[in-house]
Amino acid sequence: MFPRDFAWGAGTAAYQIEGGWQADGKGASIWDTFTHEGGRVFGEQNGDEACRSYELWDEDLKCIETLGLTHYRLSLSWARLLPDGNTRHVNQKGVEYYNKVIDDLLACNVSPMVTLYHFDLPQALQDQGGWKSAGTATLFDSYAKFCFHTFGGRVKLWITINEPYVCAKLGHEDGTHAPGLKEPGTAAYLVGHNMLRAHAMAWHSYDSLYRAQQEGAVSLAINSDWLEPLNAGCAEDIAATERLLAFTLGWFAWPVFVTGDYPEVMRSAIDAQSEKSGYSSRLPSFSKDEPAILGTADFFALNYYTSRKVKQGGGCGEKLCMKSDRDAGEVLDPSWPICGVSWLAVVPQGLRKLLKYIKNNFNNPAVYVTENGFSQVGRLQTEDVQRAEFYKDTIAEVAKALQEDEVNVRGYFAWSLLDNFEWADGFSVRFGLYHVDFADAKRKRTIYRSGREYAKIISKNRCGQS
Ligand code: PNW
């Protein structure tokens with residue numbers, strides 16, 4: 001059913017699992033600051049200890065082996081490696097930690113997929129303007145080169161930046177993620193721009209300095225819902241859907257895969273609103289003097305969770321904001337079950353549609369589904385029958401995308417290996433294939449039924465094939 005070399009993975013992110021926030025010379029990140037400020041996260045929780053994976057990596061490795069994963073997606077904590085964000089000071093203990101993780105994975109025949117940046121900017125760089133500052137892209141490039149140099153002999157799959165959309169919008173427009181800025185209609189576009197520049201610089205560095213020797217592949221992980229017009233016969237809804245797709249998937253995929261610039265509908269919508277409010281355009285332009293953005297992804301890394309119906313309208317009154325720029329509202333179809341967190345409507349078939357859309361609109365790239373998952377809230381259920389069904393259904397949709405739609409899907413990564421610190425929701429939302437007991441000092445890991453189901457799917461698809 002699946003090709004023999006299909007990647008079967010699960011993912012995590014440094015801040016969500018590691019803990020050890022001050023251990024062995026690690027610098028602070030914006031999530032350390034944000035959670036410690038108070039009033040930001042469910043129950044005033046934080047990632048100071050999280051799953052304690054910094055101490056308990058061996059336990060994580062056991063989980064990875066039990067599931068039979070071929071790939072494991074982890075992120076590096078920039079501030080653990082470079083406490084001040086720059087390469088003048090390297091924290092050797094951090095290097096040792098990730099060396100061990102990577103070596104252990106390889107010894108178990110598991111390939112690492114490594115994300116350089118998963119929401120956790122070193123606080124030292126936030127103090128210099130963070131992603132709003134153009135210089136952060138250059139510092140990211142130095143950090144990326146440091147990581148390629150240090151780990152690249154052993155890592156063949158790299159993600160530069162995870163979900164620039166979420167960093168830009170939740171971190172700088174809504175203020176619900178670190179660094180908690182609420183600067184609607186302006187900062188997010190600038191931040192997204194600098195993240196794209198950072199990604200492109202790092203890709204070019206890899207391409208010119210490391211690719212020949214290391215033979216890996218580099219991309220950025222783009223999150224997107226599948227979107228459909230609320231009323232399929234309504235021209236306004238169709239146009240609104242196209243606009244919203246341009247402002248989400250297109251914002252980052254269009255420059256990298258299609259034109260080297262933002263989608264035209266996005267720019268014209270922002271410009272039109274800017275004019276009304278007497279602003280000059282808020283969406284920056286790419287400079288011809290910098291490394292090109294177009295062509296800077298060796299594969300398409302997609303994080304898919306849910307789907308939405310779209311209608312025209314939305315906005316925030318007179319004020320400038322991204323909502324007004326988009327002029328598109330999201331609606332949930334009542335037939336879609338909501339699981340756990342309120343934003344996650346369960347729509348496995350949306351993934352197949354999105355994969356087909358990516359094939360048709362972004363030049364038939366190799367695609368890895370780098371995140372997909374299902375959350376649990378409230379009472380703990382280790383026999384999570386619904387989530388087990390969800391994985392079965394979703395993976396069946398990926399199979400159809402491969403076979404019937406001939407999308408070049410290369411791998412699937414469940415989110416997440418472990419229950420972990422789910423950002424503003426703290427530990428109240430559980431995405432793991434393994435439950436983690438946060439009341440236990442040893443953070444005991446217990447497999448969920450969905451974990452067993454995923455292991456079964458993997459083993460069924462890996463054996464019986466030669
Ligand atoms: C992704 N939202 O982020 C992240 O890459 C993961 O770290 C995270 O745990 C996972 O999805 C599940 O949420 C998101 O509020 C964070 O819409 C928030 C949202 C979406 C994705």
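One-based numbering, in listed order, for ligands and for the atoms of each.
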For H118, the atoms of ligand 1 under 4.0 Å from one of its heavy atoms are 4 (C), 5 (O), 6 (C), 7 (O)
Of all protein heavy atoms, the one nearest atom 13 (O) of ligand 1 is E422 OE2, 2.5 Å
Test ring pair (Phe, Tyr, Trp, His ring centres under 6.0 Å), reference W8, set Y72, F413, F2, output is F2
Q) Can you tell me if T33 and Q123 form a side-chain donor-acceptor pair at under 3.5 Å? A) yes
Logged contact type for L170 with ligand 1, heavy-atom cut-off 4.0 Å, is side chain
Honestly, for N162 the part within reach of ligand 1 (heavy atoms, under 4.0 Å) is side chain
Heavy-atom nearest pair, V41 first then W31, reads CG2-CZ3, 4.5 Å
Taking only non-hydrogen atoms of E163 and a 4.0 Å limit, the atoms of ligand 1 in range are 1 (C), 3 (O), 4 (C), 5 (O), 14 (C), 21 (C)
shortest atom 16 (C) of ligand 1-to-protein heavy-atom contact is with H177 CE1, 4.0 Å
- Query: When you measure from the centre of the six-membered ring of Y448, is the NZ or CZ of R387 under 6.0 Å away and within 45° of the axis?
  - Reply: yes
The option among Y304, Y15, W343 carrying the non-hydrogen atom nearest to atom 2 (N) of ligand 1 is W343
Nearest heavy-atom contact between S219 and A301 is OG-N, 4.0 Å
Quick one: does W254's side chain get under 4.5 Å of Y262's, heavy atoms only? no
Nearest heavy atom to atom 11 (O) of ligand 1, choosing from W423, F431, W415, Y305, belongs to Y305
